[in-house]
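As C-alpha cells, the structure follows; a few thoughts come after it.
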Amino acid sequence: MKKRICVFLAFLMIFSLFGCAAEEPEIIENETVLGNFSSESSSVIQESSGSEVQSVPESSGSETSSSESSSESKAESGSSSSSEKTEESSSSSSSSSQESESSSESSSVSSSSESSSSETEEPVQNTYMPSGETRAVWISYLEYQSVLQGKTEKQFRSNIRTMFGNLAADSFNTVFVHVRSHSDAMYESDIFPWSVYCTGTEGKNPGFDSLEIMVSEAHSAGLKIEAWINPYRVKGNSNTEKIAKSSPAYKWLGTGKVIVLDNGIFYNPADEEVIELIVSGVEEIVRNYEVDGIHFDDYFYPTTAESFDKTYYNEYKAGGGKLSLAAWRRQNVNVLIKSVYSAIKAIDSSCRFGISPGGNTDRNYNSLYCDVYTWVTSKGYVDYICPQLYYGFNNRDCPYLDVLSEFNNMITRSEVELIIGLAAYKAGAEDTYAGENGKKEWINNNDILARQIIAARNESRYSGFAMYRYDSLYNPASGVKKAVAAEIENLFDIF
C-alpha cells in the first residue's frame, strides 16, 4: 500500500511540474520600438522621391515661393543641421542629463511573434494613451502660399475651415499656425506690416484679418490654436528692398539693430530695443486674439561669426562684463525668453508659451546660443519644449531614442512638458544625412511615426507630439503618396 501511495505521489509531482511549465507566459521581446524593425517585417515602399529638400540652410528669399517650398526652415534647421554634422549629441549645458537607453521592457507595444516568418506581421499596437495628449500639426507660411496669398476672405475662410476640419476628423487637437514667420504679420498689427504671404506684397492690407479667422475656425472645429513666431528673422535673403517701409526693420537698417547677412536679414538679439519690439509683438497678439499659446521656432542666433554683434559685445566688455562671447549670447536669448514668458502670463495666465528647438543639443547651445537646459530647469521660461526630433531610429549621429531620452531627462521642473516634434515630411524619402544604416529607413518602413510616439509615451515628461507639417500629411508629393498613406494608416491605429 505504501508503495502504491509513493508511486501516486511521484506521479502527482511530475504532473504538477509539467503543468507549471505549460502555464509560464512566453516572453516576446519587442524590437519594434527600439528601431530594429527589419525590412522583412515592413511593407517596403518603392517611391523614394520627395518634394522637400532636407538639410539645406535657408538661402531662399521670403518672396521666392518655389525655392522656399524646398528649403523651409523647420525642415532644415530642425532635422538637417542636427544630423548632417558629426557632432556630440549632448552639450555642456545639459551635462547633467545623460543619455539613457530605452529598453523593450519599457514599451507597451504589442508585437507579433518573431518565430512565424511566413505570417504577416500585425500592425503596431498601443496599450497606453496618456490623457490630454497634445496632437499638434504645424501650419507654416508655405501652406499660406496656396490657401491665403491673394485669396478673398471667403476663399481663405473656406480653405482654412477645410484644413482644420481634416485635422479634427483625424483626431488632432492643436494647430501651430505661423503668424509672424518673418518681420511681418498675418494679422492686423500696429507694430509689423502685413505679411507678403497675405497679398504677395509686404505691407499690403488683404482686407481681412487672417489670424482672427483662424482663431475662430480652429475653436469652432474643437482645436486649440497657438501663434507661431520666428522672433529674429526679417527676411530669408539679403534683399533689403523687399522690406516694407512701415516695418521696424526698415527703420533700423544700418543701425546695428538689424544685421544683413548673405543668407538673410535678422534682428540683433543683443539689442535691448529689439527685445522690447519682440515682446511688444507677443503682447499685441495675446491681448487682441484668443490664442491658446505662443510658439517660438528654432531660429535664434543666425551665425557664430564674431563680427555679427562685435560692437555690442565690446561695449559689454568695456562695461566690466566677464562672460565669454558664447555665454553672453546665450544670456541675450535668455533675457528675451524670460521677458516673453512674463509678458504673456501678465496678460493671460492660461496662455501657454513653448519653444521648438532643434534636436541637436550641441548645435542649440554652441551655434544657435539657445540655452534649452536653463529653460527647462529654471522657473519662468517656458511651459513646454517641442524639440524637433527629425531622426529615424537608425540615424547615425542622432538616433531617435537617444535624443528623446536626452530631452526628457533634461527637464527637472514639474510644470515643464515635453512635446516631441516629428518629421512627417520624411515619410518615403531618403534621409540623406542619416548615415548608411539610416538613410533608407524612411523608405523601408511605414510605421516610424507611430513607433516614435509609442516610445515617447513612456517618457516621464511626455505630453504630446507635433507633426511637421500639414501639407506633408495631406498634400504629399506624388513620389511619396503611397508611403505617406501607409505611415498615416499606422499612425491612426495608435490614436
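These figures come from a predicted structure and were not determined experimentally. If you read the sequence from its start, that first residue is 1, and numbering goes on from there.
- Phe296 pairs with exactly one of Trp228, Trp375, Tyr381, Phe353 by the ring-ring contact (aromatic ring centres under 6.0 Å, His included) rule, that one being Phe353.
- Leu389 is not listed as a side-chain neighbour of Gln452, based on a closest heavy-atom distance of 4.5 Å or more.
- Remark: the backbone N or O of Leu404 is not paired with any side-chain donor or acceptor of Asn408 at under 3.5 angstrom.
- Remark: of the listed residues Tyr384, Phe176, Phe495, Phe495 is the sole one forming a ring-ring contact (aromatic ring centres under 6.0 Å, His included) with Phe465.
- Between Val147 and Met163 there is a side-chain heavy-atom pair separated by less than 4.5 Å.
- Nearest heavy-atom pair, Val179 versus Tyr187, reported as atom, atom and distance to 0.1 Å: O-CE2, 3.5 Å.
- In this structure, Arg330 is positioned above the aromatic face of Tyr365, its NZ or CZ under 6.0 Å from the six-membered ring centre and within 45° of the axis.
- Ion pairing between Lys426 and Glu487 fails under the 4.0 Å rule for side-chain N and carboxylate O.
- Partners of Arg329 according to the salt bridge (Lys or Arg N to Asp or Glu O under 4.0 Å) rule, which considers only residues two or more places apart in sequence or in another chain, are Asp309.
- Under 3.5 Å, the side chains of Glu406 and Thr361 contain a donor-acceptor pair of N or O atoms.
- With Phe266 as the aromatic partner, Arg233 does not meet the cation-pi criteria of under 6.0 angstrom to the ring centre and within 45 degrees of the ring axis.
- Distance check, rounded to the nearest 0.5 Å: CD1 of Ile420 to CG of Leu449 gives 9.5 Å.
- Using a 4.5 Å heavy-atom threshold, the side chains of Asn166 and Tyr470 count as touching.
- Smallest separation of non-hydrogen atoms from Lys338 and Gly380: CG-O, 3.6 Å.
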### Query
Going through the checks in order, is the salt bridge (Lys or Arg N to Asp or Glu O under 4.0 Å) test met by Glu133 and Arg135?
CA-CA 6 Å; Glu133 179 181 59; Arg135 298 175 180 177; 2.9 Å; yes
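- Of the N and O atoms on the side chains of Glu143 and Ser140, at least one donor lies less than 3.5 Å from an acceptor on the other residue.
- Put simply, the side chain of Val196 does not reach to within 4.5 Å of the side chain of Lys242, judged on heavy atoms.
- Across Val175 and Ala218, no two heavy atoms sit closer than the pair CG2-CB, 4.4 Å.
- Contact record, Ala434 with Lys439: CB-N, 3.9 Å, taken as the closest heavy-atom pair.
- Side-chain polar atoms of Arg396 and Tyr433 form no donor-acceptor pair below 3.5 angstrom.
- In this structure, Glu441 contributes its side chain and Asn394 its backbone to a donor-acceptor pair below 3.5 Å.
- Asp292 places a side-chain N or O within donor-acceptor distance of the main-chain N or O of Ile225, the cut-off being under 3.5 Å.
- Tyr400 pairs by the ring-ring contact (aromatic ring centres under 6.0 Å, His included) definition with Phe393, not counting sequence neighbours.
- Looking only at distances, a side-chain donor or acceptor of Asn490 sits under 3.5 Å from a matching main-chain atom of Asn446.
- Nearest heavy atom pair, residue Ala168 against residue Ala221, reads CB-O, 3.5 Å.
- At a threshold of 4.5 Å between non-hydrogen side-chain atoms, the residues His295 and Ile229 do not count as touching.
- Residues Glu430 and Lys440 are in side-chain contact: their nearest non-hydrogen atoms beyond the backbone lie under 4.5 Å apart.
- The side-chain hydrogen bond (donor to acceptor under 3.5 Å, both in side chains) test applied to Asn173 returns no partner, not counting sequence neighbours.
- With respect to the salt-bridge test (charged N to carboxylate O, under 4.0 angstrom), the residues Arg461 and Glu459 do not qualify.
- Look at Lys345 and Asp383 and you find a salt bridge, because one of the NZ, NE, NH1 or NH2 atoms lies within 4.0 Å of a carboxylate O, short of that distance.
- Considering all non-hydrogen atoms of both residues, Ser472 and Ala424 come closest at CB-C, 4.0 Å.
- Between Tyr141 and Tyr197, the two ring planes are tilted [angle within 30° to 60°].
- Checking side-chain atoms of Asp184 against main-chain N and O of Arg180 turns up no donor-acceptor pair under 3.5 Å.
- Between His178 and Asp297, the side chains place no donor N or O within less than 3.5 Å of an acceptor N or O (distance only, hydrogens not considered).
- Of the candidates Trp328, Phe308, Phe300, Tyr301, Tyr369 forms a ring-ring contact (aromatic ring centres under 6.0 Å, His included) with just one, namely Tyr301.
- Heavy-atom contacts from other residues, nucleotides or ligands closer than 6.0 Å to CD of Glu436 number 12 or fewer.
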### Task
Show your working on side chain to side chain donor-acceptor pair (under 3.5 Å) between Asn360 and Tyr390 and close with a plain yes or no.
CA-CA 10 Å; Asn360 188 309; Tyr390 296 167; over 6 Å; no
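- With rounding to the nearest 0.5 angstrom, the CD atom of Glu217 is 9.5 Å from the OG1 atom of Thr162.
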